[in-house]
Amino acid sequence: MYTVKVDTTADETGACARTKLSFVKKKKMSSGCVLVTGGAGFVGTHSVIELINAGYSVVVVDNFVNASHESLKRVEEICGTKIPIFSVDLTDKQALADLFKKHKFTSVIHFAGLKAVGESCELPLLYYKVNIGGTTNLLEVMKENNVKNLIFSSSATVYGTPEYLPLDENHPTGGCTNPYGKTKYFIEEIMKDLCKSDPEWNIVILRYFNPVGAHKSGKIGEDPKGVPNNLMPYCAQVAVGKRKEINVYGNDYDTPDGTGVRDYIHVEDLAIGHVAAQKKIEECCGLKIYNLGTGQGYSVMDMINALSKAAGKPVPYKIAERRTGDIASCYSKPDLAAKELGWKATRGLDEMCEDLWRWQTMNPDGFNSNGPKS
Ligand code: NAD
Ligand code: UD1
């Protein structure tokens, strides 16, 4: 556990008399209790493992709208520890307040939300209610309980159509064309305003690029409900024989092979980025924003070829029309996270595909499969 010291003197530059909170670790090992919202989901489960590996105790809240209880059972198996899990919907503020009465948290990592771009265009009010309403409920309850340390899952989607590449954190934000992307942008703005209004808040906004891959054990991974929207889960289902072929959405973009270029990042690297962000929070960092990407762009064809290699067989594909709302290229400049968080993605394309393939073959029906065959 931490005790918190309040220091109202000026900071090291002498320019700002911001109230500083310093965490004094009583134990050598990190032992803060971190609330993880959406901890049963794809990025959440992998991050819970890394937090536990780093010595944190973790409490998970999730309403399981896009996750199964099995995912957290497998996390418990991997970590060899029980995790307190609460089935709470973030739109239910009272339930959230009750949870904060039961547990004392030092910080919150906020993954919970809805993330399907197409669905957000059909159901914008649902997306605004869950993503924005859920987040403001969480922030209010945190404030009421004097828990003012937060890490938030944002997305490269906040940059809209890139004005330049690679994207650094100073690139303008807000040009989002769909309600999902707008919720990420609006939430970022809410968090900036909150930090301006009250300097006791420490908020790290992480802008993810394209998370792929799975845990090395093959026990957990991405388990999309219905038809996958994203490239790699779809390709994996094609490779395992569940779907006939992957549609390549356009081969006439201004990219080396004409197909869309993205910055794919292994979900384990991304998860480790959250531990680095948690350490940053413990320095009382105020508001910070970081890209979490590799800095390397790969095309759709690069990804299909890499997965074919991992699977040991070609992944059938066909060239289709461009998908509305898609951009040609998007990749990060990850230097700020390297400099200030000491974090860098280390897993390459082959490893992303091998790990994805292991998860897919061990669990052809995701968490509904009959346990991982080892
Ligand atoms: P996910 O859907 O697997 O995880 C989100 C979790 O939140 C799920 O377990 C879901 O059941 C839960 N949830 C949804 N609504 C909730 C509510 N009202 N109350 C409580 N729990 C709720 O998604 P993910 O891929 O793990 O993404 C995690 C976060 O990262 C999301 O905020 C997402 O928008 C963001 N993000 C994801 C990607 C990506 O490609 N996976 C990219 C950029 C940003
Ligand atoms: C998408 C979302 C983005 C979200 C991100 C993570 C859109 C427009 N953007 O990003 O807001 O943050 O997922 O969830 O939906 N592709 C194919 N065939 C497919 C699927 C994709 O060719 O069946 C191509 C796309 O055109 C793109 C690339 O693969 O060039 C990656 O697509 P995807 O995995 O959906 O991610 P993004 O579009 O980058």
Side-chain angles (χ1 to χ4, degrees), residues 36-47 60-68 71-72 86-92 95-96 109-121 126-127 129-131 133-135 137-138 152-160 176-178 180-184 187 206-212 221-225 227-235 237-238 243 245-251 253 255 259-265 267 270-271 292-293 297-301 303-304 317-331:
V36 179
T37 78
F42 175 44
V43 186
T45 44
H46 290 82
S47 301
V60 167
V61 290
D62 203 298
N63 69 352
F64 296 92
V65 71
N66 196 36
S68 68
S71 69
L72 287 170
F86 294 87
S87 198
V88 168
D89 192 312
L90 293 196
T91 59
D92 181 350
L96 209 48
I109 305 187
H110 180 34
F111 296 103
L114 301 174
K115 64 164 186 176
V117 172
E119 184 185 61
S120 79
C121 296
L126 178 69
Y127 272 67
K129 183 168 101 180
V130 171
N131 290 7
T135 302
N137 278 347
L138 176 67
F152 173 61
S153 301
S154 188
S155 166
T157 196
V158 298
Y159 294 121
C176 312
T177 53
N178 59 75
Y180 164 73
K182 286 179 192 171
T183 65
K184 292 294 176 193
I187 293 168
L206 299 175
R207 293 179 180 153
Y208 308 162
F209 281 70
N210 290 55
V212 295
E222 190 169 9
D223 183 17
K225 291 206 164 116
V227 182
N229 297 309
N230 298 117
L231 176 67
M232 292 314 279
Y234 201 110
C235 281
Q237 292 194 4
V238 171
R243 299 187 190 277
E245 61 194 2
I246 174 85
N247 285 316
V248 175
Y249 293 143
N251 67 349
Y253 284 107
T255 61
T259 66
V261 167
R262 298 289 183 275
D263 184 341
Y264 297 92
I265 174 170
V267 65
L270 192 66
L292 292 188
Y298 287 109
S299 73
V300 175
M301 287 315 301
M303 299 309 287
I304 292 176
Y317 68 89
K318 86 164 191 289
I319 306 298
E321 289 294 299
R322 288 182 179 194
R323 182 173 66 180
T324 313
D326 271 356
I327 51 179
S329 298
C330 175
Y331 50 92

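Each residue takes its place number in the sequence, starting with 1. Indexing begins at 1, ligand by ligand and atom by atom, following the structure's order. No hydrogens, no waters, no symmetry mates; every other heavy atom, side chains included, goes into these values.
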Which atoms of ligand 1 sit under 4.0 Å from any heavy atom of [X]?
X	result
Gly41	3 (O), 4 (O), 9 (O), 26 (O)
Ser154	43 (C), 44 (C)
Asp89	17 (C), 18 (N), 19 (N)
Val88	19 (N), 20 (C)
Gly38	6 (C), 7 (O)
Ser153	29 (C), 30 (O), 32 (O), 35 (C)

Close side-chain approach of [X] and [Y], heavy atoms under 4.5 Å:
X	Y	value
Met301	Ile304	yes
Pro224	Asn229	no
Arg207	Tyr159	yes
Leu206	Phe152	no
Lys184	Cys176	no
Leu126	Leu114	yes
Cys330	Phe209	yes

Of the listed options [options], closest to [atom] (non-hydrogen atoms):
atom	options	value
atom 18 (N) of ligand 2	Asn247, Val212, Thr259, Val248	Asn247
atom 37 (P) of ligand 2	Thr157, Val158, Asn210, Thr177	Asn210
atom 21 (N) of ligand 1	Thr45, Ile187, Val61, Asn63	Asn63
atom 24 (C) of ligand 2	Asn229, Val43, Thr255, Val300	Val300
atom 30 (O) of ligand 1	Tyr208, Phe152, Phe111, Phe64	Tyr208
atom 23 (O) of ligand 2	Ile246, Leu231, Asn178, Ile319	Ile246

Those atoms of ligand 2 less than 4.0 Å from some heavy atom in Asp326: 8 (C), 25 (C), 26 (O), 38 (O)
Identify the closest protein heavy atom to [atom]: which residue and atom is it, and at what distance?
atom	answer
atom 4 (C) of ligand 2	Tyr180 CE2, 4.0 Å
atom 33 (P) of ligand 2	Asn230 ND2, 3.4 Å
atom 2 (C) of ligand 2	Val117 CG2, 3.5 Å
atom 31 (C) of ligand 2	Tyr264 OH, 3.3 Å
atom 26 (O) of ligand 1	Val43 N, 2.8 Å

Cationic N near anionic O, under 4.0 Å, Glu222 to Lys115: yes
Side-chain donor-acceptor contact under 3.5 Å, Tyr180 with Glu119: no
Side-chain donor or acceptor of Ser71 paired with backbone N/O of Ala40 under 3.5 Å: yes
Side-chain (Asn247) to main-chain (Tyr249) donor-acceptor, under 3.5 angstrom: no
Please name the pair of heavy atoms, one in [X] and one in [Y], separated by the smallest distance, quoted to 0.1 Å.
X	Y	answer
Val130	Gly113	CG1-CA, 4.3 Å
Ala95	Val88	CB-CG1, 3.9 Å
Asp62	Gly41	OD2-N, 3.9 Å

With a 4.0 Å cut-off on heavy atoms, is [X] touching ligand 1?
X	result
Val130	yes
Gly39	no
Gly134	no
Lys184	yes

Heavy-atom gap Arg323 to ligand 2 smaller than 4.0 Å: yes
Ligand 2 contacted by Ser155 (non-hydrogen, < 4.0 Å): yes
Part of Met303 with heavy atoms under 4.0 Å of ligand 2, whether side chain, backbone, both or neither: neither
